[in-house]
**Q** 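Have a look at this one.
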There are 2 protein chains.
Amino acid sequence: MIYSSELIKGTLKTIVLKLLADNKKMYGYEITQKVKELTFDKIQITEGALYPTLHALEADGLVTTETEFIGKRVRKYYSLSPSGKNKTKEKVSELADFMDTMKFLLDIKPKQA
Amino acid sequence: MIYSSELIKGTLKTIVLKLLADNKKMYGYEITQKVKELTFDKIQITEGALYPTLHALEADGLVTTETEFIGKRVRKYYSLSPSGKNKTKEKVSELADFMDTMKFLLDIKPKQA
DNA sequence: TCAAATACATAAATTTCTTATGTATCTTTG
DNA sequence: CAAAGATACATAAGAAATTTATGTATTTGA
């Protein structure tokens, strides 16, 4: 089962930041694979969604990049900047809080009028 | 604190369906107030987001409507159809599952390379 | 050798929400 | 009792984020 894509909306940036916080540096394709692996294929990040997100994080100064050559192929590594580390904490705790609120909302028992 | 709007994206439909499942019938404005109340103002659904969503649910046959007059003012009640009830179960359990996956993802401990 | 995987990127179209606007009624308060 | 705020619906332009499609090129495995 793969989650309907609407669920992923709005969480992608947080997921990427958190992975970078846990892994020091990662490149785009690696991120897609890691998420796939860690979620047992339930979350699949497409490249069309990921790359623009990474570019936006870079434009916002939340990540820095370094390019490496593996044979003839380019690999672009992303790492959190100091402000990126702070942002990650904010985003992760906001999402955790949000999920608690949602669990509460979804568990509300019938009030049969 | 109000959640950044991107977090709400993708969950609105599920929230509405779940509220209808718990309350038999509700009207639009009531839904906005109920969500605000149940989440202590942390989730505020705007009318510009809600009404199109309700109309979409109706177009998909997931809810039925009945109009009532309160004095001279119209009130449009929404109720789950049988397929809406099934859809609600699916959506809620998918979201619950998704949140478990996200909690796992967000709690991953550093693997320092 | 040929398909699949690796690895980047962009861009048009779509979806979904925000922000703004519009209409109208009802209630509360100075 | 007038005015402000709350109730109640609705739509539409614009913005934001993603999907889907496409493109390029290299490397690996059957």
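Since this is a predicted model, take the numbers as computed values, not measurements. All chains are named by letter (A, B, ...) in the order of the sequence lines, taking the proteins before the strands, and each is independently numbered beginning at 1.
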**Q** May I have the distance from B:Leu54 (atom CG) to D:dA8 (atom C1'), rounded to whole angstrom?
**A**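 My rounded result for the distance is 12 Å.
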**Q** Rounded to whole Å, please give me the gap between CD in A:Gln44 and P in D:dT20.
**A**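 The distance from CD of A:Gln44 to P of D:dT20 comes to 12 Å, rounded to the nearest Å.
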**Q** When you match B:Leu50 and A:Gly28 each to their closest nucleotide on DNA chain C, which lands nearer the 5' end?
**A**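 Nearest-nucleotide comparison on DNA chain C picks A:Gly28.
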**Q** Tell me whether the side-chain N/O atoms of A:Thr46 come closer than 4.0 Å to OP1 or OP2 in D:dT20.
**A**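 For D:dT20, OP1/OP2 do not have a side-chain N/O of A:Thr46 under 4.0 Å.
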**Q** Could you state the atom-to-atom distance from OH of B:Tyr27 to C1' of D:dA6 in whole Å?
**A**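 Going from OH in B:Tyr27 over to C1' in D:dA6 covers 11 Å.
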**Q** Roughly, in whole Å, what's the span from OH in A:Tyr3 to P in D:dT18?
**A**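 Taking atom P of D:dT18 as the reference, OH of A:Tyr3 is at 18 Å.
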**Q** Between A:Tyr3 and B:Thr101, is any side-chain donor less than 3.5 angstrom from a side-chain acceptor?
**A**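 A:Tyr3 vs B:Thr101: donor-acceptor pair found between side chains.
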**Q** Using a heavy-atom cut-off of 4.0 Å to chain A, what are the terminal contacting nucleotides of DNA chain C, in 5' to 3' order?
**A**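 Boundary nucleotides touching chain A, in 5' to 3' order, are C:dA5 to C:dT16.
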**Q** Which part of the nucleic acid, if any, lies within reach of A:Glu47 when heavy atoms closer than 4.0 Å are counted: base, sugar-phosphate only, or nothing?
**A**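 Since a base atom lies under 4.0 Å of A:Glu47, the category is base.
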**Q** Regarding B:Ser4 and A:Glu94, is there a side-chain donor-to-acceptor distance under 3.5 Å anywhere?
**A**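 Short answer, yes.
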**Q** Just the rounded figure in Å: distance from C1' of D:dT26 to CD of A:Glu68.
**A**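 To the nearest whole Å, that distance equals 16 Å.
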**Q** What about A:Arg73: does its side chain form a donor-acceptor pair under 3.5 Å with the base of D:dT27?
**A**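 Under the 3.5 Å cut-off, the side chain and the base do not form any donor-acceptor pair.
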**Q** How long is the line joining CE of B:Met26 and C1' of D:dT7, in whole Å?
**A**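 Rounding to the nearest Å, CE of B:Met26 and C1' of D:dT7 are 15 Å apart.
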**Q** To the closest 0.5 Å, what do you measure between OG1 (B:Thr32) and OH (B:Tyr51)?
**A**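 One finds 7.0 Å between OG1 of B:Thr32 and OH of B:Tyr51.
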**Q** Taking NZ from A:Lys76 and C1' from D:dT24, how many angstroms apart are they, rounded to a whole number?
**A**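 It works out to 16 Å between those atoms.
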**Q** Looking only at heavy atoms, what is the nearest atom pair of A:Leu38 and B:Phe104, with distance?
**A**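 Result for this residue pair: O-CE2, 3.2 Å.
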**Q** Taking all non-hydrogen atoms of both residues into account, name the closest pair between B:Lys18 and A:Leu106 and its distance.
**A**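 Closest approach of B:Lys18 to A:Leu106, heavy atoms only: CE-O, 2.6 Å.
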**Q** So what does B:Gly71 hit on the nucleic acid, given a heavy-atom distance under 4.0 Å: a base, only sugar-phosphate, or nothing?
**A**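 Sugar-phosphate, no base atom in range.
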**Q** Atom OH of B:Tyr51 and atom C1' of D:dA12: how far apart are they, to the nearest Å?
**A**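 Roughly 16 Å, once rounded to whole Å.
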**Q** Between A:Thr11 and B:Pro52, name the one whose nearest nucleotide on DNA chain D is closer to the 5' end.
**A**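 Result: B:Pro52.
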**Q** Hey, could you give me each pair passing salt bridge (charged side-chain N to carboxylate O under 4.0 Å, His left out) that has a residue in residues 50-69 of chain B? Not counting sequence neighbours.
**A**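 Matches after skipping sequence neighbours: B:Lys25-B:Glu68.
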**Q** Is the shortest distance from a Lys or Arg side-chain nitrogen in A:Asp22 or A:Lys34 to a carboxylate oxygen in the other one below 4.0 Å?
**A**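 A salt bridge is absent here (no side-chain N lies under 4.0 Å from a carboxylate O).
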**Q** Quick check on DNA chain D: between B:Ile70 and A:Glu6, whose nearest nucleotide comes earlier from the 5' end?
**A**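 First, find each residue's nearest nucleotide; the 5'-ward one identifies B:Ile70.
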**Q** Applying a 4.0 Å non-hydrogen cut-off, can you work out what B:Gly48 is touching in the nucleic acid: base, sugar-phosphate, or nothing?
**A**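 The residue B:Gly48 makes base contact.
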